[in-house]
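Report on the following structure.
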Amino acid sequence: MRQAGRYLPEYRRVRERAEDFLRFCYTPDLAVEVTLQPWRRYGMDGVILFSDILVVPDALGQAVRFAEGQGPVLEPVRSVGDISRLSLDRLCGHLAPVFETIRRLSREISGDAALIGFAGAPWTLAVYMVEGHGGTDCGRARTWAYNAPVEFQGLIDLLVDATTTYLIEQVKNGVEVVQIFDSWAGVLGESQFRQWVIAPTTEIVGRFRAACPGVPVIGFPRGAGVLYKDYVEQTGVDGVSVDSTVPVQWAREALQGICTVQGNLDNQALVAGGQALDRETARILGTLAGGPFIFNLGHGILPETPPEHVARLAELVRGWAGR
Ligand code: CP3
């Protein structure tokens, strides 16, 4: 998940060589290297492409930059005029370096681990595009969606097209699984969740599946609560990533019968390490490892995480024998 590399000294060394974060994402030599770093250390079964969800707004023509210590900053999209200046035409050309990264990774990994591609879901991308930065309550995006649903739908439709095209192109270049990150899904009330999270994701999954049959799709509507179940049933995702607030017993009963569950160690337990880490890991594995399951964190790894705690976690998961 995002920020993944920052806890590793070898990531920070490569990061220093890049002018800025987006340039880093568009430099295959560097992106291949940092994608492989955690795999070399820990030998996970899945390797996630190093890139960012915000390369899509960038490729659509919105000004995006990552300010040091501040996270992403975007020139906000707040009117129909702003939407009309975005264009799908240069999407794949602009993202060509990402596809080059994927081709090289697929050669390097060659079947020894699953290469995971990803994109942001339309709602989460729209939040960044409209708000102009993260860390908000998404008030502007939500208000726009209430006051002018047809205008807002125009932005979402553009993002459905962009995301679908982008994911299909990633598969053509070698990714074997895709994940759709809807990090801001949890701020929405029920009807807005259905309209802006479930509906666009259903459209993406349907079109993706038609183009790439057999390629698994994992959805991550972070904070969806009890709506995780409707999300899975209606979007048709093959797997769902659950955040750390989801009770594992509930995930087992409500979700594991209909899809693969991924999750959901509290990233702070990984920072803490020791008995807390051992106990939480065993609790999750004890409940979920008997069904279709991908062990993961409930959200991105924190930069202050000691690398040796990750090594311990990998050992615990790999050594798990269904106790
Ligand atoms: O884990 C990985 O390294 C895989 C690649 C990846 C990144 N971002 C790299 C990254 C993935 C899958 C993402 C997804 C992403 N990006 C999401 C969805 C998942 C989530 O975390 O909710 C979101 C919302 C973003 C947008 C984004 N990118 C933010 C808000 C930030 C700033 C984070 C902060 O706290 O400063 C980023 C930067 C980013 N993306 C980093 C990395 C490795 C850190 C960049 C650095 O400083 O080196």
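Indexing begins at 1, ligand by ligand and atom by atom, following the structure's order. The chain is numbered in sequence order, starting from 1.
- The shortest heavy-atom distance from P72 to ligand 1 is under 4.0 Å.
- One side chain, Y128 or W184, offers a donor N or O that lies under 3.5 Å from an acceptor on the other.
- Using a 4.0 Å cutoff on heavy atoms, Q179 does not count as a contact of ligand 1.
- Between R65 and D58 no salt bridge is recorded (no basic side-chain N to carboxylate O distance below 4.0 Å).
- Salt-bridge formation is not detected for the pair E108/R104: no Lys NZ or Arg NE/NH1/NH2 atom is positioned less than 4.0 Å from an Asp or Glu carboxylate oxygen.
- The distance criterion of under 3.5 Å between nitrogen or oxygen atoms is met by D52 with respect to ligand 1.
- At least one N or O atom of Y11, backbone or side chain, sits closer than 3.5 Å to an N or O atom of ligand 1.
- Residue contacts with ligand 1 for V34 are absent, since no atom lies close enough (heavy atoms, distance under 4.0 Å).
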For this session: Decide salt bridge (charged side-chain N to carboxylate O under 4.0 Å, His left out) for E16 and R12; before the verdict, give the C-alpha distance in whole Å, the side-chain angles of both, and the deciding distance to 0.1 Å.
Result: CA-CA 6 Å; E16 280 163 16; R12 293 194 295 267; over 6 Å; no
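- With hydrogens and angles left out, the side-chain atoms of Q153 and Q195 include no donor and acceptor closer than 3.5 Å.
- The closest side-chain heavy-atom distance from C259 to D238 is not below 4.5 Å.
- Taking only non-hydrogen atoms, the option from R6, R222, Q70 nearest to atom 36 (O) of ligand 1 is R6.
- Evaluated by nearest non-hydrogen atom to atom 18 (C) of ligand 1, the leading choice among A67, S51, A18, S183 is S183.
- Comparing W184, F50, Y128, F21 by heavy-atom distance to atom 24 (C) of ligand 1, the nearest is Y128.
- Ligand 1 is never approached by G134 to a heavy-atom distance shorter than 4.0 Å.
- Neither the backbone nor the side chain of F220 comes within contact range of ligand 1; no heavy atom lies under 4.0 Å.
- No side-chain donor-acceptor contact under 3.5 Å links D161 and Y166.
- By the criterion of a heavy-atom distance under 4.0 Å, neither the backbone nor the side chain of F24 is placed next to ligand 1.
- Under a 4.0 Å N-O distance rule, the pair R40/E33 qualifies as a salt bridge.
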